[in-house]
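Below is one structure; the comments refer to it alone.
A note on names: the letters A, B, ... follow the listed sequences, proteins ahead of strands, and every chain is numbered from 1. None of these values were measured; they are calculated from a predicted model.
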2 protein chains.
Amino acid sequence: MLLTGTSLRVTYRSVTFRQGLFGNNSAMVAKNQTVDCGSSCGGPRKNAAARIFDTARELFYRRGIRAVGVDEIVCSAGVTKPSLYRSYASKDDLVAACLTSYADESRTTIDAKLEAAGPEPLGRLYALIDHYAGQTSDPDFRGCPMTNTAVEFPEADNPGRSIAETCKSEVRDRILDLARQIDTKEPESLTDGLLLLIEGAYSTHHIFGSQGPSGCLRKSAGRLIESYLKR
Amino acid sequence: MLLTGTSLRVTYRSVTFRQGLFGNNSAMVAKNQTVDCGSSCGGPRKNAAARIFDTARELFYRRGIRAVGVDEIVCSAGVTKPSLYRSYASKDDLVAACLTSYADESRTTIDAKLEAAGPEPLGRLYALIDHYAGQTSDPDFRGCPMTNTAVEFPEADNPGRSIAETCKSEVRDRILDLARQIDTKEPESLTDGLLLLIEGAYSTHHIFGSQGPSGCLRKSAGRLIESYLKR
DNA sequence: GTAAGGACGTACCGGTCAGTAACATTCTTC
DNA sequence: GAAGAATGTTACTGACCGGTACGTCCTTAC
């Protein structure tokens, strides 16, 4: 059997972890992986809480929330576990903080890009599409943290889901707001069609990478928008 | 802090598990959840291997691969752990078998629907879209198992990824094959645009459910296809 | 100089993870 | 009813999970 007994051992700061390919054993980090968020970066050494947060944010996004244990976070951050639990009540709490941070960052970036696009609603809509197209053209992109969280945690009462759902609803509202300002009879349909394309670009990136269908986002969105514009 | 100490305890067949909301502790199943695949269903009692497979297939899809432990699988299947390891070399092995099964089932279903749609390529293309639209209209839908696996396991060498990638490439090839048969100059762009919409429908279902943007799949795909047809 | 308090680390907890060994029991088939 | 296959029972392993009791160090203030 091809997958039988497949496991790999790596050493990080004299701690060795085992990781089954589909297993839950997650306290592992690849040798020389650049997730060291505080102990060796240039500039003033950040305090433990900041390093924990930055490291967790990066690791959760790169490898998934369930896949990353608190041991790995503190190890990568160059701190110890009690430091984590002095700043965050639980792993759940840290996860929520990271998700909120992703959402805030996304909101701020989009604000800036829309601002830069000027007052014309169609131009602003294309600027929004270009923003997402730009994200998916990055090979290091690992999809939308919000969508990834919803995939990882299907339970309806998961607190991460509500953060993700709120964030996505905001995006939908923003697109709808723009769609209502352009000359179309069906802004809702256009909005949802564009959302499908954007989320599809996120999703196909997971499978096909940055050279896959996500490269067609701008073009497809353009055709969809065109089809909704009155002539 | 709102999420502090959030945990829930449930009992299943006199075994109690604890589950942190974002934790790895996964050997839990909601009370009265209908995942019992063998011990109480009508009809002849399946053998242990079949029950393990059916249960795992269901649980992995419904809750995620990392979230489901072997203890929970055997517990839900009404068998014991040695029975699992007599049939499958490892959890990895069982996961791979389930993924292959999802892929095979999807291929078979699509074959049948295309067959039923007749010889006309445009009709076949719409039949394919309708197939995906039908999936996402089901509230119990939990996205595409292949995409979900790619999200859960970002590591390039994960064996589940290669199964998922192969399956998705097949789908892309099938759409491209149909796109090449209809009257358009850019079958590749149309294919990738349709893939974005399909994957977007999968993805938005995770966040917005069956009443969300995924309901626009057929309509959006129709407009995109129209825009590619020569006039 | 020294006391106080914050920041941080050492070493541990109980529980769950995937996986196994040894052996008992039941089912099927002839 | 014997033989052999299939399955269950029980107990265990080493590693990792999230989380914590408690000790140490380092800065600041007097």
Taking atom [atom2] of [N] as reference, at what distance in whole Å does atom [atom1] of [X] sit?
{"X": "A:Asp93", "N": "D:dG18", "atom1": "CG", "atom2": "P", "result": "14 Å"}
{"X": "B:Ile73", "N": "C:dT16", "atom1": "CD1", "atom2": "C1'", "result": "15 Å"}
{"X": "A:Arg86", "N": "D:dG23", "atom1": "CZ", "atom2": "C1'", "result": "11 Å"}
{"X": "B:Asn47", "N": "D:dA5", "atom1": "CG", "atom2": "P", "result": "16 Å"}
{"X": "A:Tyr88", "N": "D:dT20", "atom1": "OH", "atom2": "P", "result": "17 Å"}
{"X": "A:Arg66", "N": "C:dA18", "atom1": "CZ", "atom2": "P", "result": "12 Å"}
{"X": "B:Glu72", "N": "C:dA18", "atom1": "CD", "atom2": "P", "result": "10 Å"}
{"X": "B:Ile65", "N": "C:dC17", "atom1": "CD1", "atom2": "P", "result": "16 Å"}

Would you indicate, yes or no, if C:dG19 has its OP1 or OP2 atom less than 4.0 angstrom from a side-chain nitrogen or oxygen of B:Tyr85?
->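 Checking B:Tyr85 against C:dG19: at least one side-chain N or O falls below 4.0 Å of OP1 or OP2.
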Side-chain N or O of B:Ser83 less than 4.0 angstrom from OP1 or OP2 on D:dA6?
-> no
Which comes earlier along DNA chain D counting from the 5' end, the contact point of B:Ala48 or that of B:Lys81, where each point is its nearest nucleotide?
-> B:Ala48
Any side-chain donor-acceptor pair under 3.5 Å between A:Arg161 and A:Thr149?
-> no
Hey, are B:Asn148 and B:His206 close enough side-chain-wise for a donor-acceptor pair under 3.5 Å?
-> yes
Between B:Thr100 and B:Ala96, is there a donor-acceptor pair closer than 3.5 Å when you use the side chain of the first and the backbone of the second?
-> yes
Residue B:Lys91, side-chain heavy atoms: nucleotide from D:dG8, C:dC8, C:dA18 that is nearest =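 Looking only at heavy atoms from C-beta outward on B:Lys91, the closest nucleotide is C:dA18.
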Minimum-distance nucleotide (side-chain atoms of B:Thr80 versus D:dG18, D:dT9, D:dT7) = D:dT9
Would you check if the distance from the ring center of B:Tyr202 to the ring center of B:Phe141 is below 6.0 Å?
->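 B:Tyr202 vs B:Phe141: aromatic centres under 6.0 Å.
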